[in-house]
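All values below come from the heavy atoms of this structure, side chains included, with hydrogens, waters and symmetry mates left out.
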Protein chains: 2
Amino acid sequence: MKSKITLKDIARELEVSISTVSKALKNSEEISRDTKEKVQAFARLYNYKPNNIAISLKNKRTKNIGVVIPDIVHHFFTTVIRGIEKYANAKGYNVIVCLSEESFDKEVINMEMLANGSIDGFIMSLSSETQAKKDFNHLKEVMEQGIPVVLFDRITNEIDCDKVIIDDKLGGYLATKKLIEQGKRKIALITTDDYLSVSKARGQGHRKALIDSGLEVDESRILKLPTMEMDEERIRSFFDSIEFDAVLCVNEIFAVFSMRVALEKGLKIPDDVAVIGFTNGLLSKYANPSLTVVAQHGEKMGEISAQMLIDKVESEKEEETFQTKILEPTLVVRDSTIN
Amino acid sequence: MKSKITLKDIARELEVSISTVSKALKNSEEISRDTKEKVQAFARLYNYKPNNIAISLKNKRTKNIGVVIPDIVHHFFTTVIRGIEKYANAKGYNVIVCLSEESFDKEVINMEMLANGSIDGFIMSLSSETQAKKDFNHLKEVMEQGIPVVLFDRITNEIDCDKVIIDDKLGGYLATKKLIEQGKRKIALITTDDYLSVSKARGQGHRKALIDSGLEVDESRILKLPTMEMDEERIRSFFDSIEFDAVLCVNEIFAVFSMRVALEKGLKIPDDVAVIGFTNGLLSKYANPSLTVVAQHGEKMGEISAQMLIDKVESEKEEETFQTKILEPTLVVRDSTIN
DNA sequence: TATCAACACGAAACCGTTTTCGTTAAACAC
DNA sequence: GTGTTTAACGAAAACGGTTTCGTGTTGATA
């Protein structure tokens with residue numbers, strides 16, 4: 001096991017000072033041709049690589065970015081991570097992923113853990129508990145320490161920072177309009193409690209589309225589950241309790257499951273019941289029938305988040321100007337609606 | 001913006017030395033009660049947290065582990081990450097995720113980037129290009145530097161290190177046996193080229209099951225795609241070219257798509273065609289009909305990998321004993337087979 | 001009163017870099 | 001021969017901690 005070689009080792013071997021070695025490796029003007037060649041050759045030979053930690057300590061930059069998300073076993077978040085990773089990697093940054101698992105406490109602990117020098121900035125999506133609790137002190141604290149934060153998807157208005165979201169209200173609107181256009185009038189909505197920012201916005205869009213089309217908003221056709229967790233029981237009994245000819249769901253799992261329930265009831269998709277979900281994941285593509293969805297463009301979102309964060313990290317200025325990027329959702333039409 | 005407070009700041013403020021502050025915060029016996037209380041109170045008041053980077057530099061431990069995987073938008077890998085993250089986090093470690101995107105070069109670059117002090121060890125699954133190329137020098141190099149490596153799922157025998165895999169051969173065997181038990185005789189196999197270690201093993205298990213049951217191995221019923229990428233064309237024409245009453249696929253996407261093709265042909269599942277896939281993901285659970293799969297227990301795999309790695313990292317001994325943990329796959333029976 | 005241990009604390013080295021600011025010797029001008 | 005410039009290099013501080021090894025003071029002991 002040949003352990004890593006340091007500047008000191010090279011200096012000792014070549015009988016020059018550490019500073020000379022450091023400068024020689026950076027091709028400094030100060031150092032003579034001869035010495036530079038000698039040092040560089042030696043370094044190459046022994047495969048010298050500077051120690052990242054030492055460099056981080058010196059210039060107070062880690063080239064790491066922290067990503068805190070509620071869940072990773074979720075198509076949308078993985079696409080975001082992929083987008084972040086791509087952009088960050090191209091810029092020489094590493095991505096540290098932490099999972100809050102929808103828990104406020106874990107979110108706080110993770111952030112504290114990373115905020116002590118491990119990272120240059122945060123990209124995050126709030127846990128449901130945090131959104132419900134409306135306690136954002138952990139965010140305020142890291143920002144006060146001068147650590148930039150970019151919030152994506154699940155955001156809050158109570159914190160002033162860069163944000164990237166999709167226009168969820170528009171997404172809900174587009175989806176509902178689509179169903180209405182197909183002649184559907186009894187549109188059910190399966191969503192979560194309003195504390196989840198995205199669900200709330202999607203619900204608003206849904207409502208707006210109904211009203212714009214002169215339709216009544218029938219609250220009994222709206223099922224609000226406590227979280228994004230699947231609850232087959234409640235969805236089943238919800239469908240038993242209402243009349244419906246279309247279903248809009250805030251994720252693809254609810255939607256695919258709704259299709260199954262509809263099929264079990266002997267209903268035809270999309271003629272008897274049309275279904276639209278959110279998240280353009282594998283499930284939507286390969287479900288039978290395939291599912292029409294509102295695509296959230298996670299990868300794009302990740303890229304933009306990473307770009308905004310790295311811009312902040314690398315900008316010298318102390319200006320506190322924040323922006324919110326709003327991406328447009330798009331409808332991916334498949335077989336669960338009439339096309 | 002109140003920037004982070006350091007030992008030096010506390011020392012200056014309280015007019016004691018840095019060493020005294022350091023010791024006081026660690027509750028050292030050396031320091032008097034009075035001083036300790038004073039220092040600790042001050043530290044608490046100003047929310048002092050030691051700088052991780054400085055500590056890393058000092059004790060040459062980063063408490064970061066590097067995870068290099070081919071892809072993150074893939075249910076199996078996300079479950080593994082979740083397992084790793086859970087265990088690692090509980091042990092106070094952070095997880096740096098790097099994606100090779102099935103590229104040899106990216107794998108190498110990522111590892112080199114992390115190997116210079118950023119992490120204490122690697123957990124990785126080889127990219128398909130690496131497995132095809134059989135070039136493992138990047139692995140050898142980091143191991144020579146004394147950085148422990150744990151390989152999971154996509155491994156190689158050419159490197160001596162800790163490994164965690166599932167018994168893919170057994171998985172292929174169990175699945176095929178299941179199909180045979182249901183009276184299926186014309187079992188198709190959709191897999192990838194043999195360079196992918198897992199596909200090869202699954203294929204061997206499949207073959208063994210056929211032979212053990214006295215059935216012929218008909219090569220024309222085996223489709224080997226170049227990668228795990230979906231190729232609807234080739235799968236469609238494959239099914240047009242053979243007779244079959246069952247399909248075994250090395251992932252869930254191939255399997256779900258096979259079901260779609262079968263349904264389109266007017267075949268009944270599972271009576272006319274039974275289907276089994278690998279990976280117990282969302283797709284399998286919510287497909288119509290739901291898919292019987294060989295579960296790979298990714299989360300367990302991640303946990304074990306993390307445990308093995310952290311054990312190595314934290315063990316003082318220099319012994320070079322490696323172990324390979326083999327997890328048993330299990331069959332999750334759903335509606336795509338007769339139960 | 002001289003000796004000694006115990007106590008409480010500080011100085012300094014160290015981890016591996018970068019960078020500023022000398023310092024030395026040769027080369028040059030006058 | 002003196003003074004000045006320049007090239008080439010080294011010493012040392014700095015980043016923020018930990019840790020070893022003094023060191024000065026106190027009180028007890030012989």
> Looking at D:dG16, does its base get a donor-acceptor pair with the side chain of B:K4 below 3.5 Å?
Replying inline: no

>> Give me the atom names and distance for the closest heavy-atom approach of B:A43 to B:L25.
In response: CB-CD2, 3.6 Å

> For the helix from C:dT1-D:dA30 to C:dC30-D:dG1, what is the angle between the axes at its two ends, each from 5 pairs, rounded to 10°?
Replying inline: 80°

>> Using whole Å, what does the distance between atom C1' of nucleotide D:dG17 and atom CD1 of A:I53 come to?
In response: 13 Å

> To the nearest angstrom, how far is B:K26 atom NZ from D:dT20 atom C1'?
Replying inline: 15 Å

>> Please report the distance, rounded to the nearest Å, between CG in B:L7 and C1' in D:dA14.
In response: 15 Å

>> Among A:D162, A:V150, A:I84, exactly one meets side chain to side chain contact (heavy atoms under 4.5 Å, CB included) together with A:L309. Which residue is that?
In response: A:V150

> Rounding to a whole Å, what distance do you find between A:E29:CD and D:dA8:C1'?
Replying inline: 12 Å

>> Rounding to an integer number of Å, can you tell me how far B:D9 CG sits from D:dG17 P?
In response: 8 Å

>> Can you give me the closest heavy-atom contact between B:D9 and B:R12, atom names plus distance?
In response: OD1-NH2, 2.7 Å

>> Need one value for A:T6: base, sugar-phosphate or nothing, where a base atom within 4.0 Å counts as base even if backbone is also close, heavy atoms only.
In response: sugar-phosphate

>> What is the separation between atom CD1 on B:I31 and atom P on D:dT18, rounded to the nearest whole Å?
In response: 13 Å

>> Quick check on DNA chain C: between B:S32 and B:L57, whose nearest nucleotide comes earlier from the 5' end?
In response: B:S32

> Side-chain N or O of B:K8 less than 4.0 angstrom from OP1 or OP2 on D:dA14?
Replying inline: no

>> As a quick check of understanding, evaluate side-chain contact (heavy atoms from CB on, under 4.5 Å) for A:I147 and A:L114, giving each step before the final call.
In response: CA-CA 11 Å; A:I147 304 178; A:L114 293 179; over 6 Å; no

>> Measure CZ/A:R12 against P/D:dG10 and give the value in whole Å, please.
In response: 15 Å

> First and last nucleotide of DNA chain C in contact with chain B, 5' to 3', at under 4.0 Å to a heavy atom: what are they?
Replying inline: C:dA8 to C:dG16

> Say you draw a straight line from CG of B:L151 to CG of B:L139; how long is it, rounded to the nearest 0.5 Å?
Replying inline: 6.0 Å

> For A:S100 and A:V68, which heavy atoms make the closest approach, and how far apart are they?
Replying inline: CB-CG1, 4.5 Å

> Taking atom types as modelled and ignoring hydrogens, do the side chains of B:S128 and B:E102 form a donor-acceptor contact shorter than 3.5 angstrom?
Replying inline: yes

> Taking only N and O in the side chain of A:S17, is any of them less than 4.0 Å away from OP1 or OP2 of D:dC9?
Replying inline: no

> Taking DNA chain C as the partner, which of residues 108-115 of chain A come within under 4.0 angstrom of it by heavy atom?
Replying inline: none

> Considering heavy-atom distances to DNA chain C, does A:Y48 or B:T35 have its closest nucleotide positioned more toward the 5' end?
Replying inline: B:T35

> Shortest non-hydrogen contact from B:P50 to A:N116?
Replying inline: O-CB, 3.6 Å

> For B:K58 and D:dC15, is the shortest distance between a side-chain N/O and OP1 or OP2 below 4.0 Å?
Replying inline: no

> For the side chain to side chain contact (heavy atoms under 4.5 Å, CB included) test, which of A:P70, A:S305, A:S125 pairs with A:D153?
Replying inline: A:S125

>> Exactly one of A:E85, A:K86, A:K91 should register a side-chain hydrogen bond (donor to acceptor under 3.5 Å, both in side chains) with A:N89. Which one does?
In response: A:E85

>> Looking at every heavy atom in both B:G117 and A:I53, which two are closest together, and how far apart are they?
In response: O-CG1, 3.2 Å

> In whole angstroms, how far is the C1' atom of D:dG10 from the CD atom of A:E15?
Replying inline: 14 Å

>> Reading DNA chain D from 5' onward, which residue's closest nucleotide shows up sooner: B:K23 or B:K49?
In response: B:K49

